[in-house]
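Structure record follows, encoded as C-alpha coordinates.
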Amino acid sequence: MKAKARVVNLLATYNEKENIGPMVETLEKIAKKCPDYEFITLVVDSHSPDGTGDVVRKLAKTNKNLFLLETPRGLGVSLIAGYRYAMEKLKADLVIPNDCDFQWDPNLIPMMLQKIEEGYDVVVPSRHVKGGKDNFNFFRKLTHFVSNDLLNGYWAGIHEVKDKAGNFKAIRVKNILDKVDLSKLNVRGFVIQSTMIYELSKTGARFVEIPAVFGERRAGESKVGFSMQFVKDIIETFKNSTRIRFERSPGLLKFIKFGIVGGFGFVINFVGLIVFNKLLKATFPWPIGVINFWANALASELAIISNFIWNNLWTFAKEKISSPKMLLTKFLAFNLSSIFGGIIIPSTIVGLGTQFFGDQYRQLILTVAIFGFTVPYNWFVYNKFIWKKQPR
Ligand SMILES: Nc1nc2c(ncn2[C@@H]2O[C@H](COP(=O)(O)OP(=O)(O)OP(=O)(O)O)[C@@H](O)[C@H]2O)c(=O)[nH]1
Ligand SMILES: [Mg+2]
(Lines give C-alpha, C1' and ligand atoms only; values in the text may rest on other atoms or scores of the structure.)
(Ligands and ions follow the chains in the order given, each with its own letter.)
Protein backbone atom coordinates (compact mmCIF):
# COMPACT_ATOMS: atom_id res chain seq x y z
CA MET A 1 0.00 0.00 0.00
CA LYS A 2 1.22 3.49 -0.90
CA ALA A 3 2.14 5.62 2.14
CA LYS A 4 -0.23 8.50 2.73
CA ALA A 5 1.09 11.95 1.84
CA ARG A 6 1.83 13.99 4.96
CA VAL A 7 0.20 17.40 5.22
CA VAL A 8 1.55 19.72 7.90
CA ASN A 9 -0.89 22.51 8.76
CA LEU A 10 1.36 25.26 10.03
CA LEU A 11 -0.51 27.67 12.32
CA ALA A 12 1.07 30.96 13.40
CA THR A 13 -0.25 32.20 16.73
CA TYR A 14 0.18 35.23 18.90
CA ASN A 15 -2.51 35.58 21.55
CA GLU A 16 -4.95 33.18 19.93
CA LYS A 17 -6.01 31.15 22.99
CA GLU A 18 -9.69 31.33 22.07
CA ASN A 19 -9.12 30.33 18.45
CA ILE A 20 -6.52 27.59 18.69
CA GLY A 21 -8.85 24.87 20.10
CA PRO A 22 -11.61 25.35 17.51
CA MET A 23 -9.00 25.53 14.73
CA VAL A 24 -7.38 22.21 15.75
CA GLU A 25 -10.84 20.65 15.92
CA THR A 26 -11.84 22.02 12.49
CA LEU A 27 -8.65 20.63 10.95
CA GLU A 28 -9.40 17.22 12.47
CA LYS A 29 -12.83 17.26 10.82
CA ILE A 30 -11.31 18.24 7.46
CA ALA A 31 -8.73 15.44 7.83
CA LYS A 32 -11.59 12.93 7.91
CA LYS A 33 -12.74 14.21 4.50
CA CYS A 34 -9.25 13.64 3.05
CA PRO A 35 -8.54 9.94 3.72
CA ASP A 36 -5.60 9.88 1.29
CA TYR A 37 -3.62 12.24 3.50
CA GLU A 38 -2.15 12.15 6.96
CA PHE A 39 -2.86 15.48 8.69
CA ILE A 40 -0.47 16.96 11.23
CA THR A 41 -0.84 20.32 12.96
CA LEU A 42 2.21 22.36 13.91
CA VAL A 43 1.62 25.50 15.95
CA VAL A 44 4.36 28.14 15.92
CA ASP A 45 3.72 30.37 18.91
CA SER A 46 5.80 33.39 19.90
CA HIS A 47 5.43 32.83 23.66
CA SER A 48 1.95 34.42 23.58
CA PRO A 49 1.31 36.21 26.88
CA ASP A 50 -2.31 34.94 26.88
CA GLY A 51 -1.07 31.35 27.25
CA THR A 52 -1.88 30.01 23.76
CA GLY A 53 1.17 27.73 24.14
CA ASP A 54 -0.27 26.13 27.30
CA VAL A 55 -3.55 25.43 25.52
CA VAL A 56 -1.62 23.66 22.73
CA ARG A 57 0.47 21.65 25.21
CA LYS A 58 -2.70 20.50 26.93
CA LEU A 59 -4.40 19.50 23.66
CA ALA A 60 -1.24 17.70 22.49
CA LYS A 61 -1.49 15.29 25.46
CA THR A 62 -4.43 13.55 23.79
CA ASN A 63 -3.62 14.42 20.17
CA LYS A 64 -0.50 12.72 18.82
CA ASN A 65 -0.70 14.71 15.58
CA LEU A 66 -0.40 18.10 17.28
CA PHE A 67 3.00 19.78 17.79
CA LEU A 68 4.10 23.05 19.36
CA LEU A 69 7.20 25.02 18.38
CA GLU A 70 7.98 28.10 20.43
CA THR A 71 9.56 30.90 18.42
CA PRO A 72 10.83 34.46 18.90
CA ARG A 73 8.35 37.29 18.17
CA GLY A 74 7.66 37.96 14.49
CA LEU A 75 5.45 36.25 11.94
CA GLY A 76 8.38 35.84 9.53
CA VAL A 77 10.86 34.25 11.91
CA SER A 78 8.10 32.02 13.33
CA LEU A 79 6.93 30.73 9.95
CA ILE A 80 10.50 30.15 8.73
CA ALA A 81 11.21 28.07 11.84
CA GLY A 82 7.92 26.25 11.22
CA TYR A 83 8.69 25.44 7.57
CA ARG A 84 12.04 23.99 8.59
CA TYR A 85 10.58 21.96 11.46
CA ALA A 86 7.80 20.66 9.20
CA MET A 87 10.29 19.40 6.62
CA GLU A 88 13.17 18.26 8.84
CA LYS A 89 11.37 16.82 11.88
CA LEU A 90 7.84 16.07 10.67
CA LYS A 91 8.85 14.87 7.16
CA ALA A 92 6.10 16.87 5.46
CA ASP A 93 5.16 16.25 1.82
CA LEU A 94 2.98 19.35 1.82
CA VAL A 95 2.95 22.36 4.10
CA ILE A 96 -0.16 24.49 4.52
CA PRO A 97 0.54 27.64 6.54
CA ASN A 98 -2.48 29.49 7.88
CA ASP A 99 -3.55 32.16 10.36
CA CYS A 100 -5.35 30.95 13.41
CA ASP A 101 -8.24 33.45 13.40
CA PHE A 102 -10.44 31.77 10.74
CA GLN A 103 -10.16 34.75 8.37
CA TRP A 104 -8.94 32.26 5.78
CA ASP A 105 -11.42 29.40 5.69
CA PRO A 106 -9.63 26.08 6.38
CA ASN A 107 -12.48 24.31 4.54
CA LEU A 108 -10.72 25.25 1.31
CA ILE A 109 -8.02 22.66 2.10
CA PRO A 110 -9.61 19.72 0.18
CA MET A 111 -9.85 21.88 -2.94
CA MET A 112 -6.24 23.00 -2.47
CA LEU A 113 -5.11 19.36 -2.24
CA GLN A 114 -7.07 18.65 -5.41
CA LYS A 115 -5.07 21.37 -7.23
CA ILE A 116 -1.81 19.85 -5.95
CA GLU A 117 -2.93 16.49 -7.36
CA GLU A 118 -3.55 18.22 -10.69
CA GLY A 119 0.15 19.09 -10.76
CA TYR A 120 0.35 22.59 -9.28
CA ASP A 121 3.10 23.16 -6.73
CA VAL A 122 1.77 26.19 -4.87
CA VAL A 123 -1.97 26.80 -4.41
CA VAL A 124 -2.88 30.29 -3.22
CA PRO A 125 -6.36 31.21 -1.96
CA SER A 126 -6.81 34.69 -3.37
CA ARG A 127 -8.85 37.83 -2.71
CA HIS A 128 -7.93 39.13 -6.14
CA VAL A 129 -9.36 36.59 -8.56
CA LYS A 130 -12.99 36.37 -9.68
CA GLY A 131 -15.08 35.25 -6.71
CA GLY A 132 -12.48 36.36 -4.16
CA LYS A 133 -13.23 39.10 -1.62
CA ASP A 134 -11.83 40.84 1.45
CA ASN A 135 -13.45 42.38 4.50
CA PHE A 136 -11.02 45.29 4.78
CA ASN A 137 -11.95 48.70 6.09
CA PHE A 138 -10.49 51.75 4.37
CA PHE A 139 -7.26 51.75 6.40
CA ARG A 140 -6.54 48.05 5.76
CA LYS A 141 -7.50 48.38 2.07
CA LEU A 142 -4.94 51.15 1.78
CA THR A 143 -2.15 49.32 3.62
CA HIS A 144 -2.92 46.16 1.65
CA PHE A 145 -2.77 48.11 -1.62
CA VAL A 146 0.55 49.70 -0.65
CA SER A 147 2.20 46.44 0.32
CA ASN A 148 0.53 44.00 -2.08
CA ASP A 149 0.22 46.07 -5.25
CA LEU A 150 2.69 48.94 -5.01
CA LEU A 151 5.64 47.46 -3.12
CA ASN A 152 5.43 43.77 -3.95
CA GLY A 153 3.81 44.08 -7.38
CA TYR A 154 5.15 47.16 -9.15
CA TRP A 155 8.31 47.79 -7.13
CA ALA A 156 9.56 44.25 -6.47
CA GLY A 157 8.09 42.82 -9.68
CA ILE A 158 6.42 39.77 -8.09
CA HIS A 159 3.72 38.76 -10.54
CA GLU A 160 3.36 35.00 -10.02
CA VAL A 161 0.11 35.55 -8.12
CA LYS A 162 -2.17 38.54 -7.59
CA ASP A 163 -2.60 38.02 -3.85
CA LYS A 164 0.89 38.01 -2.41
CA ALA A 165 0.09 39.05 1.15
CA GLY A 166 -1.90 36.15 2.57
CA ASN A 167 -0.53 33.39 4.76
CA PHE A 168 -2.79 30.58 3.60
CA LYS A 169 -1.39 28.40 0.81
CA ALA A 170 -0.55 24.79 0.01
CA ILE A 171 3.10 24.18 -0.86
CA ARG A 172 4.65 21.00 -2.25
CA VAL A 173 7.86 20.10 -0.42
CA LYS A 174 9.69 17.91 -2.94
CA ASN A 175 11.79 20.02 -5.34
CA ILE A 176 9.89 23.15 -4.30
CA LEU A 177 9.90 24.11 -0.60
CA ASP A 178 12.98 21.98 0.02
CA LYS A 179 14.81 24.01 -2.65
CA VAL A 180 14.25 27.29 -0.79
CA ASP A 181 17.24 28.21 1.34
CA LEU A 182 15.26 29.14 4.43
CA SER A 183 18.38 29.63 6.54
CA LYS A 184 19.29 32.63 4.36
CA LEU A 185 15.86 34.31 4.49
CA ASN A 186 16.42 37.34 6.59
CA VAL A 187 12.85 38.55 7.21
CA ARG A 188 11.14 39.15 10.54
CA GLY A 189 7.57 40.30 9.97
CA PHE A 190 4.58 40.04 7.65
CA VAL A 191 6.77 40.48 4.55
CA ILE A 192 7.50 36.75 4.82
CA GLN A 193 4.38 36.18 2.64
CA SER A 194 5.52 37.93 -0.53
CA THR A 195 9.10 36.79 0.11
CA MET A 196 7.96 33.16 0.07
CA ILE A 197 6.09 33.67 -3.23
CA TYR A 198 9.28 35.10 -4.71
CA GLU A 199 11.55 32.38 -3.28
CA LEU A 200 9.16 29.65 -4.44
CA SER A 201 9.05 31.17 -7.93
CA LYS A 202 12.83 30.74 -8.18
CA THR A 203 12.43 26.98 -7.81
CA GLY A 204 10.30 26.90 -10.97
CA ALA A 205 7.11 26.19 -8.99
CA ARG A 206 3.78 26.16 -10.83
CA PHE A 207 1.35 28.54 -9.10
CA VAL A 208 -2.44 28.63 -9.13
CA GLU A 209 -4.87 30.97 -7.37
CA ILE A 210 -8.30 29.91 -6.22
CA PRO A 211 -10.99 32.40 -5.14
CA ALA A 212 -11.29 32.95 -1.39
CA VAL A 213 -13.31 35.22 0.85
CA PHE A 214 -11.24 36.79 3.62
CA GLY A 215 -13.73 36.95 6.46
CA GLU A 216 -13.99 38.27 9.99
CA ARG A 217 -11.69 37.30 12.83
CA ARG A 218 -13.44 34.67 14.99
CA ALA A 219 -12.14 36.02 18.33
CA GLY A 220 -9.21 37.96 19.74
CA GLU A 221 -7.47 40.97 18.21
CA SER A 222 -5.66 41.70 14.96
CA LYS A 223 -1.94 42.40 15.25
CA VAL A 224 -2.03 44.71 12.26
CA GLY A 225 -2.79 48.28 13.29
CA PHE A 226 -1.09 51.62 13.49
CA SER A 227 1.85 51.03 15.82
CA MET A 228 5.65 50.98 15.86
CA GLN A 229 5.50 47.38 14.64
CA PHE A 230 3.39 48.48 11.69
CA VAL A 231 5.97 51.12 10.68
CA LYS A 232 8.73 48.49 11.00
CA ASP A 233 6.70 46.14 8.78
CA ILE A 234 6.30 48.78 6.07
CA ILE A 235 10.04 49.59 6.17
CA GLU A 236 10.90 45.89 5.98
CA THR A 237 8.52 45.43 3.04
CA PHE A 238 10.15 48.34 1.21
CA LYS A 239 13.67 47.06 1.89
CA ASN A 240 12.82 43.56 0.83
CA SER A 241 10.96 44.64 -2.32
CA THR A 242 13.99 46.67 -3.34
CA ARG A 243 16.29 43.70 -2.78
CA ILE A 244 14.01 41.49 -4.89
CA ARG A 245 13.84 44.08 -7.68
CA PHE A 246 17.64 44.27 -7.89
CA GLU A 247 17.98 40.50 -7.72
CA ARG A 248 15.47 40.15 -10.56
CA SER A 249 17.11 42.80 -12.75
CA PRO A 250 20.89 42.83 -12.22
CA GLY A 251 21.23 45.34 -15.11
CA LEU A 252 19.39 47.95 -13.05
CA LEU A 253 21.98 47.97 -10.26
CA LYS A 254 24.74 48.21 -12.86
CA PHE A 255 22.98 51.13 -14.50
CA ILE A 256 22.66 52.98 -11.19
CA LYS A 257 26.36 52.45 -10.46
CA PHE A 258 27.19 53.68 -13.96
CA GLY A 259 25.10 56.80 -13.23
CA ILE A 260 26.87 57.43 -9.92
CA VAL A 261 30.32 57.00 -11.50
CA GLY A 262 29.30 59.31 -14.38
CA GLY A 263 27.94 61.91 -11.94
CA PHE A 264 31.18 61.79 -9.95
CA GLY A 265 33.11 62.23 -13.24
CA PHE A 266 31.01 65.28 -14.01
CA VAL A 267 31.90 66.82 -10.63
CA ILE A 268 35.60 66.20 -11.30
CA ASN A 269 35.27 67.86 -14.70
CA PHE A 270 33.36 70.80 -13.24
CA VAL A 271 35.78 71.45 -10.35
CA GLY A 272 38.80 70.61 -12.53
CA LEU A 273 37.83 73.33 -15.00
CA ILE A 274 37.90 75.95 -12.23
CA VAL A 275 41.24 74.74 -10.82
CA PHE A 276 43.05 74.41 -14.18
CA ASN A 277 41.65 77.74 -15.35
CA LYS A 278 43.35 79.44 -12.35
CA LEU A 279 46.61 77.48 -12.70
CA LEU A 280 47.01 78.08 -16.44
CA LYS A 281 46.04 81.76 -16.20
CA ALA A 282 48.76 82.26 -13.59
CA THR A 283 51.36 80.42 -15.65
CA PHE A 284 50.78 81.21 -19.34
CA PRO A 285 50.11 84.50 -21.14
CA TRP A 286 47.58 82.82 -23.51
CA PRO A 287 44.21 84.22 -24.64
CA ILE A 288 41.27 83.11 -22.47
CA GLY A 289 39.88 80.79 -25.18
CA VAL A 290 43.14 78.84 -25.35
CA ILE A 291 43.42 78.73 -21.54
CA ASN A 292 39.90 77.31 -21.19
CA PHE A 293 40.38 74.81 -24.00
CA TRP A 294 43.38 73.29 -22.23
CA ALA A 295 41.85 73.67 -18.78
CA ASN A 296 38.80 71.70 -19.85
CA ALA A 297 40.87 69.15 -21.75
CA LEU A 298 42.90 68.40 -18.59
CA ALA A 299 39.80 68.36 -16.37
CA SER A 300 37.87 66.04 -18.64
CA GLU A 301 40.84 63.70 -18.90
CA LEU A 302 40.85 63.45 -15.10
CA ALA A 303 37.13 62.66 -15.23
CA ILE A 304 37.74 60.04 -17.92
CA ILE A 305 40.46 58.39 -15.81
CA SER A 306 38.17 58.36 -12.76
CA ASN A 307 35.26 56.95 -14.80
CA PHE A 308 37.46 54.20 -16.17
CA ILE A 309 38.86 53.20 -12.77
CA TRP A 310 35.53 53.18 -10.89
CA ASN A 311 33.59 51.51 -13.68
CA ASN A 312 36.27 48.84 -13.87
CA LEU A 313 36.44 48.23 -10.13
CA TRP A 314 32.76 48.72 -9.28
CA THR A 315 30.13 48.99 -12.04
CA PHE A 316 31.59 46.22 -14.14
CA ALA A 317 33.38 44.39 -11.32
CA LYS A 318 32.21 41.05 -12.71
CA GLU A 319 33.75 41.78 -16.11
CA LYS A 320 36.81 43.45 -14.59
CA ILE A 321 39.82 43.91 -16.88
CA SER A 322 43.01 43.01 -14.99
CA SER A 323 45.82 42.04 -17.38
CA PRO A 324 48.12 45.12 -17.83
CA LYS A 325 48.20 44.87 -21.64
CA MET A 326 44.43 44.58 -21.90
CA LEU A 327 44.01 47.38 -19.39
CA LEU A 328 46.07 49.74 -21.56
CA THR A 329 44.24 48.81 -24.79
CA LYS A 330 40.84 49.19 -23.15
CA PHE A 331 41.83 52.46 -21.50
CA LEU A 332 42.86 53.91 -24.88
CA ALA A 333 39.61 52.67 -26.46
CA PHE A 334 37.71 54.18 -23.52
CA ASN A 335 39.44 57.55 -24.07
CA LEU A 336 38.70 57.52 -27.76
CA SER A 337 35.08 56.67 -27.15
CA SER A 338 34.82 59.34 -24.42
CA ILE A 339 36.27 62.04 -26.69
CA PHE A 340 33.75 61.10 -29.35
CA GLY A 341 30.70 60.47 -27.16
CA GLY A 342 31.41 62.97 -24.40
CA ILE A 343 33.05 65.88 -26.24
CA ILE A 344 32.75 65.92 -30.03
CA ILE A 345 29.12 64.85 -30.39
CA PRO A 346 27.55 66.86 -27.51
CA SER A 347 29.64 69.93 -28.46
CA THR A 348 28.40 69.65 -32.04
CA ILE A 349 24.81 69.34 -30.80
CA VAL A 350 25.26 72.40 -28.54
CA GLY A 351 26.92 74.37 -31.37
CA LEU A 352 24.31 73.51 -33.99
CA GLY A 353 21.41 73.77 -31.53
CA THR A 354 22.33 77.26 -30.32
CA GLN A 355 23.02 78.38 -33.89
CA PHE A 356 19.47 77.40 -34.86
CA PHE A 357 17.48 78.14 -31.70
CA GLY A 358 19.54 80.83 -29.96
CA ASP A 359 22.03 81.02 -27.10
CA GLN A 360 19.27 81.16 -24.45
CA TYR A 361 18.71 77.40 -24.94
CA ARG A 362 22.40 76.51 -24.41
CA GLN A 363 22.16 74.70 -21.02
CA LEU A 364 18.93 72.95 -22.00
CA ILE A 365 20.46 71.68 -25.24
CA LEU A 366 23.54 70.47 -23.33
CA THR A 367 21.29 68.53 -20.90
CA VAL A 368 19.34 66.97 -23.77
CA ALA A 369 22.59 66.05 -25.55
CA ILE A 370 24.11 64.43 -22.45
CA PHE A 371 21.01 62.44 -21.41
CA GLY A 372 19.71 61.83 -24.92
CA PHE A 373 22.99 60.83 -26.47
CA THR A 374 26.06 60.54 -24.22
CA VAL A 375 24.48 58.46 -21.42
CA PRO A 376 22.87 55.81 -23.67
CA TYR A 377 25.91 55.85 -25.97
CA ASN A 378 28.36 55.26 -23.10
CA TRP A 379 26.12 52.57 -21.58
CA PHE A 380 26.05 50.77 -24.93
CA VAL A 381 29.78 51.06 -25.64
CA TYR A 382 30.81 50.01 -22.11
CA ASN A 383 28.59 46.94 -22.18
CA LYS A 384 29.25 45.88 -25.77
CA PHE A 385 32.93 46.74 -26.20
CA ILE A 386 34.86 47.87 -23.15
CA TRP A 387 33.54 45.49 -20.47
CA LYS A 388 32.03 42.93 -22.81
CA LYS A 389 31.18 39.68 -21.02
CA GLN A 390 33.88 37.12 -21.81
CA PRO A 391 32.43 33.84 -23.08
CA ARG A 392 33.44 31.04 -20.72
N1 LIG B 1 3.97 33.07 15.90
C2 LIG B 1 3.55 34.31 15.64
N3 LIG B 1 2.35 34.51 15.06
C4 LIG B 1 1.95 35.78 14.81
C5 LIG B 1 2.73 36.91 15.14
N6 LIG B 1 2.06 38.03 14.76
C7 LIG B 1 0.88 37.60 14.22
N8 LIG B 1 0.80 36.27 14.27
C9 LIG B 1 -0.28 35.40 13.81
O10 LIG B 1 -0.40 35.57 12.43
C11 LIG B 1 -1.76 35.49 12.02
C12 LIG B 1 -2.12 36.75 11.26
O13 LIG B 1 -2.14 37.88 12.12
P14 LIG B 1 -3.35 38.92 12.16
O15 LIG B 1 -3.09 39.84 13.27
O16 LIG B 1 -4.63 38.18 12.16
O17 LIG B 1 -3.15 39.71 10.81
P18 LIG B 1 -3.93 39.65 9.43
O19 LIG B 1 -4.95 38.56 9.41
O20 LIG B 1 -2.92 39.66 8.35
O21 LIG B 1 -4.64 41.05 9.40
P22 LIG B 1 -6.08 41.46 9.92
O23 LIG B 1 -6.97 41.46 8.73
O24 LIG B 1 -5.89 42.82 10.50
O25 LIG B 1 -6.47 40.44 10.97
C26 LIG B 1 -2.56 35.29 13.28
O27 LIG B 1 -2.85 33.91 13.45
C28 LIG B 1 -1.63 35.78 14.37
O29 LIG B 1 -1.87 35.19 15.63
C30 LIG B 1 4.01 36.66 15.77
O31 LIG B 1 4.77 37.57 16.10
N32 LIG B 1 4.35 35.36 15.99
MG1 LIG C 1 -6.14 38.02 10.89
Side-chain angles (χ1 to χ4, degrees), residues 151-152 154-158 181 184-187 191 195 198-199 202 235-276 295-347 349 366-392:
L151 292 177
N152 291 313
Y154 294 116
W155 184 238
I158 303 172
D181 193 349
K184 288 223 177 77
L185 283 194
N186 190 14
V187 290
V191 71
T195 306
Y198 170 63
E199 292 298 328
K202 290 200 286 189
I235 293 173
E236 190 177 31
T237 305
F238 180 72
K239 261 170 49 189
N240 205 50
S241 307
T242 308
R243 178 187 70 80
I244 292 173
R245 163 58 71 196
F246 283 134
E247 210 176 292
R248 282 205 158 167
S249 3
L252 182 66
L253 189 57
K254 235 187 212 180
F255 189 72
I256 290 174
K257 290 180 177 176
F258 158 84
I260 294 173
V261 169
F264 185 54
F266 178 76
V267 172
I268 292 182
N269 196 152
F270 192 91
V271 176
L273 180 58
I274 300 170
V275 173
F276 286 120
N296 193 58
L298 289 170
S300 48
E301 185 55 30
L302 280 189
I304 290 170
I305 293 171
S306 152
N307 286 357
F308 185 77
I309 293 173
W310 295 118
N311 276 324
N312 194 45
L313 292 179
W314 191 45
T315 318
F316 296 93
K318 283 210 184 83
E319 296 82 19
K320 195 165 82 191
I321 311 159
S322 36
S323 91
K325 198 174 143 229
M326 205 55 175
L327 212 54
L328 188 66
T329 320
K330 293 279 179 177
F331 179 61
L332 292 178
F334 187 83
N335 258 282
L336 201 66
S337 148
S338 302
I339 290 170
F340 176 74
I343 302 175
I344 298 180
I345 292 287
S347 303
I349 296 176
L366 174 69
T367 312
V368 171
I370 297 291
F371 287 96
F373 176 78
T374 307
V375 171
Y377 168 86
N378 282 348
W379 179 243
F380 177 79
V381 171
Y382 296 179
N383 275 289
K384 290 286 175 240
F385 301 104
I386 313 282
W387 285 282
K388 192 174 167 216
K389 274 202 181 78
Q390 297 302 319
R392 281 163 209 280

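Everything numeric in this text was worked out from a predicted model, so none of it was measured. The figures that follow rest on heavy atoms only: side chains count, while hydrogens, waters and symmetry mates do not.
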Practice prompt. Inspect the surroundings of CZ in Phe246 and state if more than 12 heavy atoms from other residues, nucleotides or ligands are less than 6.0 Å away.
Written response: yes

Fill in: All pairs passing salt bridge (Lys or Arg N to Asp or Glu O under 4.0 Å) where residues 369-380 contributes a residue, at least two apart
none

Discussion item. Please check: side-chain N/O of Ser337 versus main-chain N/O of Ala333, any donor-acceptor pairing under 3.5 Å?
Written reply: no

Discussion item. For Ile244 versus Ala156, what's the shortest heavy-atom pair and its separation?
Written reply: CG2-O, 3.7 Å

Discussion item. Check whether Asn269 reaches the backbone of Gly265 with its side chain - one donor and one acceptor, N or O, closer than 3.5 Å.
Written reply: no

Worksheet item: For Phe276 and Leu302, what are the C-alpha separation, side-chain angles and deciding distance, and is it a side-chain contact (heavy atoms from CB on, under 4.5 Å)?
Response: CA-CA 11 Å; Phe276 286 120; Leu302 280 189; 3.9 Å; yes

Fill in: Donor-acceptor contact present, side-chain Thr315 to main-chain Lys254, <3.5 Å
no

Item to complete: Write down the atom of Gly262, the atom of Asn307, and the distance for their closest heavy-atom approach.
Response: CA-OD1, 4.3 Å

Worksheet item: Which is it for Phe380 and Tyr377 under the ring-ring contact (aromatic ring centres under 6.0 Å, His included) test, yes or no, and what are the steps along the way?
Response: CA-CA 5 Å; Phe380 177 79; Tyr377 168 86; 7.9 Å; no

Worksheet item: Are the side chain of Ser249 and the backbone of Leu252 linked by a donor-acceptor contact shorter than 3.5 Å?
Response: no

Discussion item. Heavy-atom count check: over 12 atoms from other residues, nucleotides or ligands less than 6.0 Å from Trp155 CH2?
Written reply: no

Discussion item. Just checking Lys320: does its NZ atom have more than 12 heavy atoms from other residues, nucleotides or ligands closer to it than 6.0 angstrom?
Written reply: no

Item to complete: Considering non-hydrogen atoms only, spot the tightest contact between Ile370 and Pro346 and give its length.
Response: CD1-CB, 4.4 Å

Worksheet item: Hey, is the main chain of Phe238 close enough, under 3.5 Å, to the side chain of Thr242 for a donor-acceptor pair?
Response: yes

Fill in: Gap separating the CG atom of Asn240 from the OG1 atom of Thr195, nearest 0.5 angstrom
4.0 Å

Fill in: Heavy-atom closest pair, residues Glu236 and Asn186
OE2-O, 4.1 Å

Worksheet entry | Side-chain donor or acceptor of Asn312 paired with backbone N/O of Ile321 under 3.5 Å | yes

Discussion item. I need the minimum non-hydrogen distance between Arg245 and Tyr154, along with the two atoms involved.
Written reply: NH2-O, 3.1 Å

Worksheet item: Any idea which heavy atoms bring Met326 and Ser323 closest together, and the distance?
Response: CB-OG, 3.0 Å

Worksheet item: Is the backbone N or O of Phe385 less than 3.5 Å from a side-chain atom of Lys330, with the two atoms forming a donor-acceptor pair by type?
Response: yes

Discussion item. How long is the straight-line distance from CG of Asn311 back to CG of Asn378, given to the nearest 0.5 Å?
Written reply: 9.0 Å

Practice prompt. Answer yes if the ring centres of Phe334 and Phe331 are under 6.0 angstrom apart, and no otherwise.
Written response: no

